[in-house]
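Worksheet for the structure shown next.
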Amino acid sequence: MKDQEKTNEQLVSELEKLRQRITESQLSATEDKRTDEVLRESERELSIRNRIAEVFLSVPDDEMYGEVLQIVLDAMESKYGVFGYIEEDGALVCPSMTRDIWEQCLMADKDIVFPRETWGGIWGRALTEKKTLYSNKLLRVPDGHIPIFRALTVPIVHREEVIGSLLVGNKARDYEVKDKEMLEKIADRIAPILHARLQKEREEKERKRVERELLKRTHDLGERVKELRCLFGISRVIERQDATWWERFQEIVNLIPPAWQYPEITCARIMFEDQEFRTANFRETIWNQAKVITVDGKQVGTVEVCYLEETPVVDEGPFLREERSLIDAIAERLGRMIERKRNEERIVELSRALVKVQEIERQEISRDLHDNLAQDLSSLKISLDTLLGDRPEFSFGDREKASELSRAVQRSIGYVRDMIYDLHPAGLEHLGLAETIRVYCEEFAARNAKKVEFFSVGMGDLKLGFDTEIALYRLVQEGLANIEKHADASRITIRLSASFPHIILRIEDNGKGFDAQTRIFEALKERRMGLQIMEQRVALLNGEMVIDSRPRLGTKILVKVPIRGKH
């Protein structure tokens, strides 16, 4: 009996142990199952994370948001969704909509950009409140929008800043806490990658903006350089002395097209009084701008620029605001050039008129001296000589005094005759320029005991106008007078030659010479105007004068004037 009881206790004990092992086995199976589920969930999350990372790294911007959204929709078992980012101006941009629901949505004025003031509904609240929201009810949406029932939205936050949004909807069954947790994990994984990508995009956008700005400024600077080059070129042309005014107008009109925005299709024309100056390709078109040239408040011409082809409309039709300023500046400079030209012509005409008046006055003084003083002195000389011969009773002393008076009168007659000849070289009318200068050189040499050599070539049959002849004669006079006063020269050479289309006059001496720049300054200070007067006479003939002088090496003056015939 006791054995039987012992056996029963053993059986109960073994049964209890067996039950315990079964329970432990069941617990272990449950734990294994739970572990498997956690493992599978982890693998699923890792797979989602890796797929999203791969898309971010390999897919271009215009496709990336749609690709990421599709992965999220698959993971969340949802039909529709939106994945967007916050722009720098605060708007929500949803590129993924173009792929998922754009064509199915029948709303008017559809857009993928939602400014902050338009945020609404569950997704707007989630962004504003910076928290996850979901609803398993039918959502209220605008007319034409795809019906949404059951929605889950998570803001994408990076370092406390909302940078994007994930929204999924229309799941077959209700969204639960685990769905919320899953989407939050996805959003957390996306946040740093999206931030880095947005930062890169913004840096790239800023780089491109800076590049565009730099290119624009470089282009604008190039345009301004062209304009400055044009104005500088015009200034140089205006200052040229080796070109006629008409040649300058033509050079200026050719400088205009390269300064405009499209030089290859630009042509220009300048109208001045009855003259027209144009580029070789000029023709009138409907794409033109013009500016009136005014002098003393009166219109004297126009500057016109045309495009030969249509170009984009900018500030003034096809022309830039700066081009309007440029054509205005060109017209203003041409106006000043014309005004200066007219003033110079007036000065030249007045100077020539003054020279003529001076020569006429000299002729009148010369005539008066000849007809009155010279005649009276001659009569006095004859009377003195006659008086001595008719009165033998005069003493020797009286005769000596009378002879001295006669000689003084003779000297006065010589001075008056020299003065008459200097005032009006009558030989110009009878002997010609070259012979008149020769005679003057001989008389100068005799008076001053200096050697004066005169050579003339090609002047025999040349008929010159009064202005040219008298100016060249006066130049020789003033040149010899300067040598007499300042040069201390023993030998003087004068050469006069006709070399069409110029007359060339050379005056050379072996005197003490001078420094030309210093002498001009000192002469102005001391009001000695010999060389300046010579230069003015040459300028009135539209000629040029060059002075070559150095201390102790003599002086050479070269004068070149255009041949002007008699009028």
Item to complete: Kindly say whether L166 contributes a backbone atom to a donor-acceptor pair with the side chain of T153 at under 3.5 angstrom?
Response: yes
Item to complete: Could you tell me whether the side chain of E323 and the main chain of L320 form a donor-acceptor pair under 3.5 Å?
Response: yes
Discussion item. Under a 4.0 Å threshold between the charged nitrogen and the carboxylate oxygen, would K556 count as salt-bridged to E508?
Written reply: no
Worksheet item: Does a salt bridge link R209 with E203, judged by any charged N lying under 4.0 Å from a carboxylate O?
Response: no
Worksheet item: Hey, does the side chain of N288 reach the backbone of E284 with a donor-acceptor pair shorter than 3.5 angstrom?
Response: no
Discussion item. Between E184 and K180, does any NZ, NE, NH1 or NH2 come within less than 4.0 Å of an OD or OE carboxylate oxygen?
Written reply: yes
Discussion item. Between Q70 and D74, do the side chains contain a donor N or O and an acceptor N or O under 3.5 Å apart?
Written reply: yes
Worksheet item: Would a 4.5 Å heavy-atom cut-off, applied to side chains only, mark Y80 and L73 as touching?
Response: no
Worksheet item: Does a donor on one side chain sit under 3.5 Å from an acceptor on the other, for Y85 and S165?
Response: no
Practice prompt. Give a yes or no on whether the backbone of L231 and the side-chain of R333 come within a donor-acceptor separation of less than 3.5 Å.
Written response: yes
Worksheet item: Is R202 salt-bridged to E206, going by a charged N under 4.0 Å from an acidic O?
Response: no
Discussion item. Please evaluate residues E251 and R240 with respect to the criterion salt bridge (Lys or Arg N to Asp or Glu O under 4.0 Å), reporting the C-alpha separation (whole Å), side-chain torsions for both, the decisive distance (0.1 Å), and the verdict.
Written reply: CA-CA 11 Å; E251 288 187 42; R240 281 185 58 188; 2.4 Å; yes
Practice prompt. Go through the steps to decide whether E276 and R269 satisfy the test salt bridge (Lys or Arg N to Asp or Glu O under 4.0 Å), and finish with yes or no.
Written response: CA-CA 7 Å; E276 181 181 37; R269 173 173 65 180; 3.0 Å; yes
Fill in: salt bridge (Lys or Arg N to Asp or Glu O under 4.0 Å) evaluation trace for E201 with R197
CA-CA 6 Å; E201 289 173 0; R197 183 134 183 176; 3.7 Å; yes
Worksheet item: Mind checking whether I293 and Q299 have side chains closer than 4.5 Å, heavy atoms only?
Response: no
Practice prompt. With the side chain counted from C-beta on, respond yes when E227 and E322 share a heavy-atom pair under 4.5 Å apart, and no when they do not.
Written response: yes
Worksheet item: Does the side chain of I186 reach to within under 4.5 Å of the side chain of I52, using non-hydrogen atoms?
Response: yes
Item to complete: Ignoring hydrogens and angles, tell me if any N or O in the side chain of T468 forms a donor-acceptor pair with the backbone of L464 under 3.5 Å.
Response: no
Worksheet item: Quick check: does any side chain N or O of S497 sit under 3.5 Å from a backbone N or O of V457, one acting as donor and the other as acceptor?
Response: no
Fill in: Option among Y307, W287, Y262 that satisfies the ring pair (Phe, Tyr, Trp, His ring centres under 6.0 Å) test with F319
Y307
Practice prompt. For the pair K130 (side chain) and E161 (backbone), establish whether a donor and an acceptor sit closer than 3.5 Å, ignoring hydrogens and angles.
Written response: no
Worksheet item: Counting only N and O atoms by type, is there a donor-acceptor contact under 3.5 Å from the side chain of N136 to the main-chain atoms of R150?
Response: no
Worksheet item: Looking at Y134 versus Y175, is the centre-to-centre ring distance below 6.0 Å?
Response: no
Worksheet item: Counting distance only, does the side-chain N/O of W119 pair as donor-acceptor with the main-chain N or O of F114 below 3.5 Å?
Response: yes
Worksheet item: Is there side-chain contact between M459 and L433, with heavy atoms separated by less than 4.5 Å?
Response: yes
Item to complete: Show your working on salt bridge (Lys or Arg N to Asp or Glu O under 4.0 Å) between R336 and E332 and close with a plain yes or no.
Response: CA-CA 6 Å; R336 290 208 309 265; E332 189 266 338; 2.3 Å; yes
Discussion item. Looking at R189, I want to see if its CZ is surrounded by more than 12 non-hydrogen atoms of other residues, nucleotides or ligands under 6.0 Å.
Written reply: no
Worksheet entry | R340 side-chain N/O to I238 backbone N/O, donor-acceptor pair under 3.5 Å | yes
Item to complete: Would you indicate whether the side-chain heavy atoms of L475 and L505 approach each other to under 4.5 Å?
Response: yes
Worksheet item: Does a side-chain N-to-carboxylate-O contact under 4.0 Å join E239 and R236?
Response: no
Worksheet item: When the aromatic ring centroids of F272 and W245 are compared, is their separation below 6.0 Å?
Response: no
Item to complete: Indicate yes or no: does D296 engage R342 in a salt bridge with an N to O separation below 4.0 Å.
Response: no
Item to complete: Determine the sole option in E211, E87, E88 for which the salt bridge (charged side-chain N to carboxylate O under 4.0 Å, His left out) test with K205 is passed.
Response: E87
